[in-house]
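What you see below is based on every heavy atom in this structure, not just the backbone, and it leaves out hydrogens, waters and symmetry mates.
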Amino acid sequence: MKIGIVAPGIWNSIHLDMAKAFGALGHDVAIYTEDGRATSGARFLRLREGRLDFFVIHHVRRNPWTWLFDRLAKPWLGRRFFTTLVAMARYFAATRDCDLYFVEGDWIGFFVAILARFMPLRWVVCIHDSDYLRLPLAFPGRPASRWKEAVKLWVLRSADLVRANSFVTRDALVAGGCAPDRIRVVPLHITGWMRIDAITDMPAFKARARAEVFAKWHIPPGERLLVTMCRLVPVKGLDLAIRGFARAARRRAGLHLMLCGGDRVVPGLGSYREHLAGIAAEEGVAAQVIFAGNIDIREVKRYFAAADLQLAPSVIDTFNYGVIEAAMVETHTIASDMVGAGPWVQEVGAAAIVPGRDPEAWGRAIEAFLASGVPPFAGGAISDRLAPQRIAPMLIDLAREVVAGRA
């Protein structure tokens with residue numbers, strides 16, 4: 001087959017790995033993307049890498065022929081809507097021999113849905129979020145826009161099929177108004193930057209990481225460390241992490257919770273870090289909660305490896321690579337039932353899923369783990385389960401379903 005991928009910024013995303021996996025399976029791949037290496041917003045830079053054929057426009061510059069229309073539409077459609085629309089039309093015209101296109105995201109899908117009214121093409125929109133859908137979820141800062149919700153639903157109806165990256169995403173799409181029979185669940189894949197090939201002795205790596213992290217943050221040896229690894233935003237449910245931790249810490253001495261992630265200002269709450277610090281003080285565990293700030297991406301595995309346990313209490317998290325990375329370095333996760341990657345991590349024995357948002361239930365789950373732990377599991381198990389070469393055939397099967405007219 002010849003597969004098209006529409007993914008602006010592909011070099012800074014997970015999608016290049018999948019394009020290469022398609023190529024390794026013998027499929028040709030034509031990629032629309034945007035990058036500073038191109039010199040124009042109107043003319044493509046063409047690059048080839050094996051079976052991958054890149055069509056690249058500049059990621060900031062406008063097409064001079066659509067400049068006026070871009071400026072007029074900017075308040076409603078962003079700064080270069082027509083530049084992108086014309087570039088995509090030229091890409092689709094140049095790749096008419098593609099059997100099917102995978103389109104990453106509903107806003108990019110908006111352009112494709114418009115063009116598909118005038119150009120014959122088969123396409124699958126890949127959805128990795130629940131933004132703007134009307135769901136029975138409430139948390140400060142939840143995105144809401146009737147206009148963007150209407151765009152998202154129109155894109156979902158316009159595509160030949162919808163690829164959801166998890167069952168959490170699927171359920172959110174259905175609740176938001178997408179027909180269930182149009183959705184196929186295919187998980188995201190392990191990306192190149194997550195690989196653990198360089199770790200040749202996992203027990204030694206974990207022992208060294210634990211010693212270094214404990215020393216840096218003045219945690220006494222022999223005590224227990226729980227971590228979260230995410231942006232400090234309400235959707236991540238960190239208030240539940242603190243309250244559940246507090247329940248366990250009152251009954252078990254020597255526990256510490258480290259919140260890793262940069263602070264955000266939340267309308268109505270102010271600094272979310274300060275808000276969480278207030279919850280920790282209210283629960284009587286302020287001295288045991290550590291705010292570590294942003295952790296460099298190269299250091300994330302070391303922090304996961306140092307911890308006894310990771311908490312992922314998200315209100316909704318359509319995938320969450322954090323639980324994957326923790327499993328790769330053989331650290332267990334307690335996750336909410338709204339963490340999309342949870343079922344796949346649970347399959348390899350690396351996670352427990354706690355339904356609901358009762359702090360006492362989370363406290364009991366933490367205590368149960370610390371009391372007995374879990375049987376050892378191999379970090380490579382999740383890598384094998386979600387390797388690009390395992391996920392690519394699932395997407396090719398989905399493409400064949402559309403091409404055969406079975407969707």
Side-chain angles (χ1 to χ4, degrees), residues 6-9 13 15 34 59-60 62 66 69-88 102-117 123-159 161-180 182-183 188 230-239 262-272 275 314-320 336 338-340:
V6 179
S13 75
H15 308 304
E34 301 170 1
H59 64 301
V60 174
R62 292 186 174 115
T66 64
F69 299 103
D70 284 330
R71 289 294 301 271
L72 292 173
K74 180 180 176 181
W76 304 279
L77 299 173
R79 67 176 304 274
R80 56 179 214 153
F81 182 88
F82 291 97
T83 289
T84 304
L85 188 67
V86 169
M88 284 195 186
F102 287 106
V103 179
E104 295 295 339
D106 51 76
W107 179 249
I108 295 302
F110 185 34
F111 297 93
V112 183
I114 292 170
L115 294 170
R117 295 294 183 269
W123 61 294
V124 172
V125 64
C126 303
I127 302 295
H128 310 301
D129 66 71
S130 63
D131 292 349
Y132 305 110
L133 296 173
R134 271 178 276 184
L135 305 175
L137 295 172
F139 53 86
R142 174 163 172 72
S145 165
R146 290 294 181 90
W147 152 244
K148 291 183 177 179
E149 179 194 26
V151 166
K152 195 179 195 99
L153 291 175
W154 184 60
V155 169
L156 296 175
R157 290 193 298 268
S158 299
L161 276 182
V162 178
R163 179 264 182 108
N165 63 355
S166 72
F167 298 102
V168 169
T169 307
R170 178 202 62 191
D171 293 347
L173 293 175
V174 172
C178 184
R182 296 178 45 73
I183 304 171
L188 294 177
C230 59
R231 294 166 291 119
L232 302 191
V233 289
V235 70
K236 296 297 184 178
L238 299 173
D239 56 328
D263 192 15
R264 296 291 191 279
V265 175
V266 178
L269 292 179
S271 162
Y272 199 58
H275 176 75
S314 301
V315 178
I316 186 167
D317 209 331
T318 52
F319 198 71
N320 190 329
S336 81
M338 297 297 282
V339 171

Original post:
Take atom CZ in R117; do more than 12 heavy atoms of anything else shown fall under 6.0 Å from it?
Top reply: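 Buried by this count: over 12 neighbours within 6.0 Å.
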Shortest non-hydrogen separation from [X] to [Y] and the atoms involved:
X	Y	answer
C230	L238	SG-CD2, 3.8 Å
P8	I108	CG-CD1, 3.5 Å
V266	P140	CG1-CB, 3.7 Å
G109	W123	O-CH2, 3.6 Å
W107	F111	O-CD1, 3.4 Å
G176	L135	N-CD2, 4.0 Å

From [X] [atom1] over to [Y] [atom2], what is the distance, rounded to the nearest 0.5 angstrom?
X	Y	atom1	atom2	answer
E34	R80	CD	CZ	4.5 Å
I183	C178	CD1	SG	4.0 Å
D129	L173	CG	CG	8.5 Å
H128	R163	NE2	CZ	5.5 Å
L188	H15	CG	NE2	7.5 Å
S130	L137	OG	CG	7.0 Å

Subject >> Among I127, V124, D106, side chain to side chain contact (heavy atoms under 4.5 Å, CB included) partner for V162 >> reply: I127
Counting distance only, does the side-chain N/O of [X] pair as donor-acceptor with the main-chain N or O of [Y] below 3.5 Å?
X	Y	value
R231	K236	no
R79	R62	no
S314	V339	no
S166	T318	yes
K152	L133	no

Original post:
When you look at M88 and V112, which way does the side chain to side chain contact (heavy atoms under 4.5 Å, CB included) test go after all the steps?
Top reply: CA-CA 8 Å; M88 284 195 186; V112 183; 4.3 Å; yes
**OP:** Show your working on side chain to side chain contact (heavy atoms under 4.5 Å, CB included) between V125 and F110 and close with a plain yes or no.
**Re:** CA-CA 10 Å; V125 64; F110 185 34; over 6 Å; no
Subject >> Parallel, tilted or perpendicular: rings of Y272 and H275 (30°, 60°) >> reply: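 The arrangement is parallel - the two ring planes meet at less than 30°.
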**OP:** Step through it carefully: locate the ring centre of F81, locate the ring centre of F69, and say whether they are under 6.0 Å apart.
**Re:** no
Subject >> Those residues that, when tested against A179, pass side chain to side chain contact (heavy atoms under 4.5 Å, CB included) (two or more places apart) >> reply: D181, R182
Original post:
With sequence neighbours excluded, what pairs up with V235 under the side chain to side chain contact (heavy atoms under 4.5 Å, CB included) test?
Top reply: F139, V233, I316
Subject >> side chain to side chain donor-acceptor pair (under 3.5 Å) between T66 and T83, intermediate numbers included >> reply: CA-CA 6 Å; T66 64; T83 289; 3.2 Å; yes
Original post:
Does the side chain to side chain contact (heavy atoms under 4.5 Å, CB included) test come out yes or no for Y132 and W147, once each step is laid out?
Top reply: CA-CA 9 Å; Y132 305 110; W147 152 244; over 6 Å; no
Original post:
Step by step, would you call L85 with L115 a side chain to side chain contact (heavy atoms under 4.5 Å, CB included)?
Top reply: CA-CA 8 Å; L85 188 67; L115 294 170; 3.9 Å; yes
